[in-house]
Amino acid sequence: MKKIIYSIIAIALMLAGGYSISMGAHAEGEDGENTTPDTAVQISPTAVTVTLMGGDILAGTHEKCPKDLEGGCVVEVKNTGTKPFRYRVYATPYVVKGEDYQVDFSESASTSYTQISRWITFLNEEAGTYDTEITRQIEPGETQVINYRVDVPEDVPGGAQYAVIWAQTLNDGSASGIQTTSRAGTVVSGRSIGDTKRTADVYEYGFQRFALGGGLDAKATIKNTGNTDFDAYYSYTAKTLFGKELYSESDSIATYPDTEYHVNVNWENTPLFGLFTVNFRISAADTVKEETHIVIIMPIFVMVLLILLLTIVIIWIIIIIRKRKERKSRALV
């Protein structure tokens with residue numbers, strides 16, 4: 001599930017500025033014409049994680065910078081267009097809203113979990129200082145390394161922090177033609193050492209135990225009540241009374257603090273009739289909700305037949321009881 005989420009994040013970052021994704025250094029249309037854009041920027045990696053401890057200054061190959069990057073706290077910017085351009089590098093909050101993972105990069109959406117965007121600065125090589133924003137010139141096909149620094153405050157809050165480092169092209173200042181800007185971003189996730197809470201609430205939990213044919217449903221609502229993101233897991237398994245598995249569904253959900261996520265399971269191609277055992281399990285941080293029950297699927301025509309059969313049996317029993325009473329009455333006479 002996380003791979004899917006990171007793919008969504010990558011596409012969201014590429015499209016955030018309203019421009020097309022570069023498909024390589026060279027592309028041709030049907031007529032052989034070069035369709036590579038004049039200005040296109042690429043940044044890598046897509047996401048990094050840093051460890052936060054109060055008072056630390058993360059830069060270069062600091063032990064709490066990303067371990068899988070040779071330069072540590074760095075990103076790489078590449079010009080994938082056909083012309084040189086100037087670009088700026090800066091950081092913004094990274095806010096994930098709702099279970100459909102809508103992202104917001106505006107300062108107005110900033111929360112206690114996006115303060116890291118204010119702690120990130122970038123190396124201005126000309127001045128030898130770290131600034132909140134820098135600009136550079138880059139040639140076609142060139143890749144440049146950008147060093148960033150994270151100044152962690154002494155009173156860093158526990159849990160997770162999220163930001164995006166952007167590389168955004170700048171207009172050349174000419175008055176001719178329509179000019180557009182593009183940008184690409186790297187998600188920075190900070191993990192605080194200390195008061196990290198991974199807690200969750202699971203409610204509106206339940207699943208069908210009787211159906212007149214058709215599918216069976218299960219549902220639950222998971223709320224991340226902690227201060228960091230984590231994966232929640234669910235599974236739904238249906239078996240015969242003899243233990244043969246008929247249906248199984250499981251998955252994980254990437255959850256973010258103060259956000260609700262809904263689990264909906266639908267077993268569509270159920271048997272026409274039968275008795276089964278169903279297990280529905282939710283595991284989210286410190287909370288586990290699990291129940292196993294016998295489930296009945298009974299079509300209407302089977303129910304009607306059973307009612308008719310039961311009616312016949314009852315009538316037959318009544319007739320037998322009456323006959324026995326009549327025999328006893330005759331015997332007494």
Could you check whether Glu290 and Asn279, counting side-chain N and O atoms only, form a donor-acceptor pair closer than 3.5 Å? yes
Within the 3.5 Å criterion, strictly below it, is a donor on Thr225 or Thr199 matched to an acceptor on the partner's side chain? yes
Do [X] and [Y] make a side-chain contact, defined as non-hydrogen atoms from C-beta onward lying under 4.5 Å apart?
X      : Y      : value
Ile138 : Phe85  : yes
Glu133 : Phe122 : no
Pro153 : Gln115 : no

Hey, can you tell me if Trp267 and Phe276 have their rings parallel, tilted or perpendicular (30° and 60° cut-offs)? perpendicular
Which residues pass the salt bridge (Lys or Arg N to Asp or Glu O under 4.0 Å) test with [X], not counting sequence neighbours?
X      : answer
Asp131 : none
Asp38  : Lys83
Arg86  : none
Glu260 : none

The remaining residues in the hydrophobic cluster of Phe242, counting side-chain heavy-atom contacts under 4.5 Å among Ile, Leu, Val, Met, Phe, Trp and Tyr, are none
Just jot down the side chain to side chain donor-acceptor pair (under 3.5 Å) partners of Tyr113, sequence neighbours excluded, or say none. none
Pairing residues for Glu63 by the side chain to side chain donor-acceptor pair (under 3.5 Å) criterion, not counting sequence neighbours: none
With sequence neighbours excluded, what pairs up with [X] under the ring pair (Phe, Tyr, Trp, His ring centres under 6.0 Å) test?
X      : result
Tyr233 : none
Tyr162 : Tyr256
Phe207 : His293

So the disulfide bond (SG atoms under 2.5 Å apart) pairs with at least one residue in residues 63-145 (sequence neighbours excluded) are Cys65-Cys73
Taking only residues at least two apart or on different chains, which pairs with a member in residues 120-155 satisfy disulfide bond (SG atoms under 2.5 Å apart)? none
How many angstroms lie between atom CD1 of Ile312 and atom CD1 of Ile307, to the nearest 0.5 angstrom? 12.0 Å
Any donor-acceptor pair under 3.5 Å from Tyr205 side chain to Phe280 backbone: yes
Do Arg149 and Tyr130 meet the cation-pi criteria used here (NZ or CZ under 6.0 Å from the six-membered ring centre, within 45° of the axis)? yes
Heavy-atom count around [X] [atom1] within 6.0 Å, excluding the residue itself: above 12?
X     : atom1 : answer
Glu70 : CD    : no
Lys64 : NZ    : yes
Lys67 : NZ    : yes
Arg88 : CZ    : yes

Of all the heavy-atom pairs spanning Thr255 and Ala232, show the shortest one and how long it is. CG2-CB, 4.0 Å
